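To start, the structure under review is shown below, and the notes come after it.
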Amino acid sequence: MPDLLIELFSEEIPARMQAKAADDLKKLMTDGLVDAGLTYAAAQAFSTPRRLALAIDGLTAESPTVREERKGPRTDAPEKAIEGFLRGAGVTRDDLEVRDDKKGQVYFAKIEKPGRAASEIISETLEKTVRNFPWPKSMRWGTGSMRWVRPLHSIVCVLSDETGAQIVPVDIDGIQAGDITKGHRFMGPEAFRVVGFDDYEAKLKRSKVILNAEERAETIWHDATNMAFAASLEVVDDKGLLKEVAGLVEWPVVLMGTINEEFLELPPEVLQTS
């Protein structure tokens, strides 16, 4: 069963929007794939200031063939009613069966919908997800009609299995999906190619990007408390601020500064909030 990697790479996403955006990406994509007949084993979503990423493991390679019977109008129904049933069922009159019913003879249609390849379903679902993404605020840029929280630069969409990796063909307002992304804006700006999630996460870290927001927060807290301890100080526990700062940087580096002593006479609440 193939695995799917998606990355939506953009300008900076506001920190307060990142966690929900990752959850929305996961829900919209997995719901769309399941509705189209695919199943999967596990899914996880990630966010950094410049990217949303989704990894889906154990995706079925194609949707199953669906067969169903649909009851139609009576054989003596108006012609328009019969034509409407034919259009809705996607069949011709030659495909109909006549069966006896309590109220007389009625038409039945046997409908068969062949399965579709996962790549085709992923392409449709991703385009629909991007075009209808529920950002609290979004913008247009250039001459395109698409909206995103900030200008969207690139899309990674790779389906991989034991035989190799393939790019899922997606084109959204001229942005074509590929297998190339970038790391940290300043410390790892060179582009690189990815073949799956493990490869993607490892190469991002080498390019100074920690993909997991919780790992970034743990890094900040660990380094800050150690630095404070060495200076005989203590870090004020502020989980909201920690979460915000983890959403502002892709590669956190803790620094210690000082505040002019005359400002320390201000109330603690003023110092913390400013």
Side-chain angles (χ1 to χ4, degrees), residues 5-27 42-55 135-138 148-154 156 181-192 194 197-274:
L5 169 66
I6 293 173
E7 182 199 67
L8 302 170
F9 183 87
S10 69
E11 293 295 329
E12 272 71 7
I13 305 168
R16 68 184 184 280
M17 298 183 187
Q18 291 171 22
K20 184 177 184 303
D23 290 341
D24 287 339
L25 176 61
K26 177 181 173 181
K27 177 173 174 53
Q44 51 184 340
F46 305 90
S47 62
T48 80
R50 291 210 295 166
R51 70 198 80 219
L52 297 179
L54 175 67
W135 292 109
K137 291 185 178 180
S138 59
W148 199 245
V149 62
R150 296 290 186 271
L152 185 63
H153 286 195
S154 64
V156 169
T181 188
K182 295 180 179 179
H184 192 279
R185 184 185 290 273
F186 304 112
M187 294 188 289
E190 295 82 10
F192 54 87
V194 296
F197 176 74
D198 291 340
D199 178 58
Y200 169 73
E201 186 177 33
K203 287 179 177 176
L204 276 182
K205 188 160 285 189
R206 290 201 292 270
S207 295
K208 305 299 184 183
V209 174
I210 297 176
L211 184 62
N212 192 310
E214 292 183 2
E215 184 180 347
R216 295 197 301 274
E218 289 171 2
T219 298
I220 295 167
W221 181 255
H222 177 269
D223 292 355
T225 52
N226 282 351
M227 191 175 290
F229 179 79
S232 299
L233 300 171
E234 186 174 320
V235 178
V236 176
D237 189 2
D238 188 333
K239 290 182 173 56
L241 179 60
L242 179 60
K243 182 178 180 180
E244 180 183 358
V245 175
L248 295 175
V249 292
E250 292 191 315
W251 188 259
V253 177
V254 173
L255 303 172
M256 181 179 288
T258 59
I259 299 174
N260 192 306
E261 289 191 6
E262 64 180 300
F263 295 132
L264 296 179
E265 298 177 5
L266 292 167
E269 294 82 1
V270 174
L271 291 172
Q272 290 178 35
T273 55
S274 59

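Values in this document were obtained by computation on a predicted structure and should not be read as measured data.
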Listed by chain and number, what are the side chain to side chain contact (heavy atoms under 4.5 Å, CB included) partners of [X], not counting sequence neighbours?
X: Val245; value: Ile220, Leu241
X: Pro136; value: Met17
X: Pro189; value: none

Test salt bridge (charged side-chain N to carboxylate O under 4.0 Å, His left out) applied to Asp24 and Lys27, Lys20, Lys26, the passing residue: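 When Lys27, Lys20, Lys26 are each tested with Asp24, the salt bridge (charged side-chain N to carboxylate O under 4.0 Å, His left out) holds only for Lys20.
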
What distance do [X] atom [atom1] and [Y] atom [atom2] have between them, rounded to the nearest 0.5 Å?
X: His184; Y: Arg50; atom1: NE2; atom2: CZ; result: 8.0 Å
X: Gln18; Y: Arg51; atom1: CD; atom2: CZ; result: 11.0 Å
X: Leu25; Y: Leu8; atom1: CG; atom2: CG; result: 6.0 Å
X: Asn212; Y: Ser47; atom1: CG; atom2: OG; result: 8.5 Å
X: Glu7; Y: Lys182; atom1: CD; atom2: NZ; result: 11.5 Å

Specify the closest pair of heavy atoms between [X] and [Y], including all atoms of both residues, with the distance to one decimal.
X: Leu242; Y: Ala217; value: CD1-O, 3.7 Å
X: Ile13; Y: Thr48; value: CD1-O, 4.0 Å
X: Ala45; Y: Ala22; value: CB-O, 3.2 Å
X: Pro49; Y: Gly247; value: CG-O, 3.3 Å
X: Ala224; Y: Val235; value: O-CG2, 3.6 Å
X: Ala213; Y: Ala246; value: O-CB, 4.0 Å

For [X], enumerate each residue passing the side chain to side chain donor-acceptor pair (under 3.5 Å) test, keeping only those at least two apart in sequence or located in another chain.
X: Glu215; answer: Lys205
X: Thr225; answer: none
X: Glu11; answer: His153, Arg185
X: Lys208; answer: none

Distance-only donor-acceptor hits, side chain of residues 253-264, under 3.5 Å, sequence neighbours excluded:
from: Asn260; atom 1: OD1; to: Glu262; atom 2: N; distance (Å): 3.1

Verdict with reasoning, Phe192 to Leu204, per side-chain contact (heavy atoms from CB on, under 4.5 Å): CA-CA 9 Å; Phe192 54 87; Leu204 276 182; 3.7 Å; yes

Pairs involving residues 197-227, ordered by first then second residue, that meet ring-ring contact (aromatic ring centres under 6.0 Å, His included) (sequence neighbours left out):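 For residues 197-227: Phe46-Phe197.
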
Pairs where residues 230-243 contributes a residue and the test side chain to side chain donor-acceptor pair (under 3.5 Å) is met, not counting sequence neighbours: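 Of all non-adjacent pairs touching residues 230-243, those that pass side chain to side chain donor-acceptor pair (under 3.5 Å) are Asp237-Lys239.
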
Full working for side-chain contact (heavy atoms from CB on, under 4.5 Å) between Trp251 and Val209: CA-CA 5 Å; Trp251 188 259; Val209 174; 5.8 Å; no

Pairing residues for Arg216 by the salt bridge (charged side-chain N to carboxylate O under 4.0 Å, His left out) criterion, not counting sequence neighbours: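 Arg216: no salt bridge (charged side-chain N to carboxylate O under 4.0 Å, His left out) contacts found.
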
All salt bridge (charged side-chain N to carboxylate O under 4.0 Å, His left out) counterparts of Lys203, not counting sequence neighbours: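 Checked Lys203 against salt bridge (charged side-chain N to carboxylate O under 4.0 Å, His left out); matches are Asp199.
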
CD/Glu12: more than 12 non-hydrogen atoms of other groups inside 6.0 Å: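 More than 12 heavy atoms, drawn from other residues, nucleotides or ligands, come within 6.0 Å of this atom.
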
